[in-house]
Amino acid sequence: MTQGEHNDNLKEELYQLTLDANRRVAINALWTFTHFAADDNVWLFAKHDQLIDRCLNEKDATKLRLMLNLLLSQPYTEEAIRTDFIDFCLARITDARAPYAIRAQCIKLAYEQMRYWSELLDELRQTLEMISCEPLSPGLRSAWKQVMKKILSCNVY
């Protein structure tokens, strides 16, 4: 029912459910957004900063993973980068206690934000090299390889 450009009011109602105090309701609403068609995902672009703010404070790993997934499908421009979110992503990448999925998402999100500046790409490369000697899950190793390949193809090194 929320799909389509004429259902923005229903999308807003669904988004408000992501803030519900009932964990199951919030998670189900977030999960629903992760399955939106690309055209309907554009509606969430206006919630970009709010989603980032929520990620910075979220303690529930499932909610955090779903919100990071939503942020992965959003555009990142050079003018609208948030350094607090970059720091958040870098901290999660190196946090061995963080779930693998969150760490992998943070690798990709860090690259999307840092790709505009060679100095920041170098910092990301160093961070990735630092975790390369620890045992990585297949998903985390895949994200690591994908982003390292993109960094090295930038010919900054």
[X] versus [Y], closest heavy-atom pair with distance:
X: D20; Y: A26; value: O-CB, 3.7 Å
X: F45; Y: S73; value: CE2-O, 3.7 Å
X: I27; Y: L66; value: O-CD1, 3.7 Å
X: Q74; Y: L51; value: NE2-CD1, 3.8 Å
X: S132; Y: R141; value: O-NH2, 3.6 Å
X: A104; Y: L140; value: N-CD1, 3.5 Å

[X] and [Y]: same hydrophobic cluster, using ILVMFWY side-chain contacts below 4.5 Å?
X: L64; Y: V25; value: yes
X: M148; Y: Y100; value: yes
X: L72; Y: V42; value: no
X: L136; Y: M130; value: no

Inset, instruction - Go through H48 and F85 one step at a time and tell me if the ring-ring contact (aromatic ring centres under 6.0 Å, His included) criterion holds. - result: CA-CA 11 Å; H48 184 82; F85 191 50; 7.5 Å; no
How about [X] and [Y]: do any of their side-chain heavy atoms sit closer than 4.5 Å?
X: W117; Y: E78; result: yes
X: L17; Y: E13; result: no
X: K47; Y: M67; result: no
X: F88; Y: C106; result: yes
X: I93; Y: R103; result: no
X: F36; Y: L70; result: no
X: L56; Y: I52; result: yes
X: L44; Y: K11; result: no

Inset, instruction - Identify whether the distance between the nearest side-chain nitrogen and carboxylate oxygen of R92 and D95 falls below 4.0 Å. - result: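 No, this pair does not count.
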Legend entry - Pair R82 + D53, salt bridge at N-O below 4.0 Å: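 Between D53 and R82 there is a salt bridge, with a charged N closer than 4.0 Å to a carboxylate O.
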Is a side-chain N or O of [X] found less than 3.5 angstrom from the main chain of [Y], in a donor-acceptor match?
X: T127; Y: E123; answer: yes
X: E112; Y: K108; answer: no
X: S142; Y: G139; answer: no

Approximate separation, where rounding is to 0.5 Å, of [X] [atom1] and [Y] [atom2]:
X: L30; Y: K63; atom1: CG; atom2: NZ; answer: 8.0 Å
X: C55; Y: Q105; atom1: SG; atom2: CD; answer: 9.0 Å
X: T18; Y: N28; atom1: OG1; atom2: CG; answer: 12.0 Å
X: K145; Y: I107; atom1: NZ; atom2: CD1; answer: 12.5 Å
X: R54; Y: D49; atom1: CZ; atom2: CG; answer: 13.5 Å
X: N41; Y: H35; atom1: CG; atom2: NE2; answer: 11.0 Å

Inset, instruction - Would you check, one step at a time, whether the test side chain to side chain contact (heavy atoms under 4.5 Å, CB included) holds for T62 with W31? - result: CA-CA 10 Å; T62 303; W31 180 88; over 6 Å; no
Legend entry - Test side chain to side chain contact (heavy atoms under 4.5 Å, CB included) applied to R115 and I151, step by step: CA-CA 8 Å; R115 66 185 170 166; I151 291 172; over 6 Å; no
Inset, instruction - Look at the rings of Y15 and F33 and say which category their plane angle falls in: under 30° parallel, 30 to 60° tilted, over 60° perpendicular. - result: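 The rings of Y15 and F33 stand perpendicular, inter-plane angle above 60°.
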Inset, instruction - Carefully, step by step, assess Q146 and Y111 under the rule side chain to side chain contact (heavy atoms under 4.5 Å, CB included). - result: CA-CA 10 Å; Q146 290 171 24; Y111 173 78; over 6 Å; no
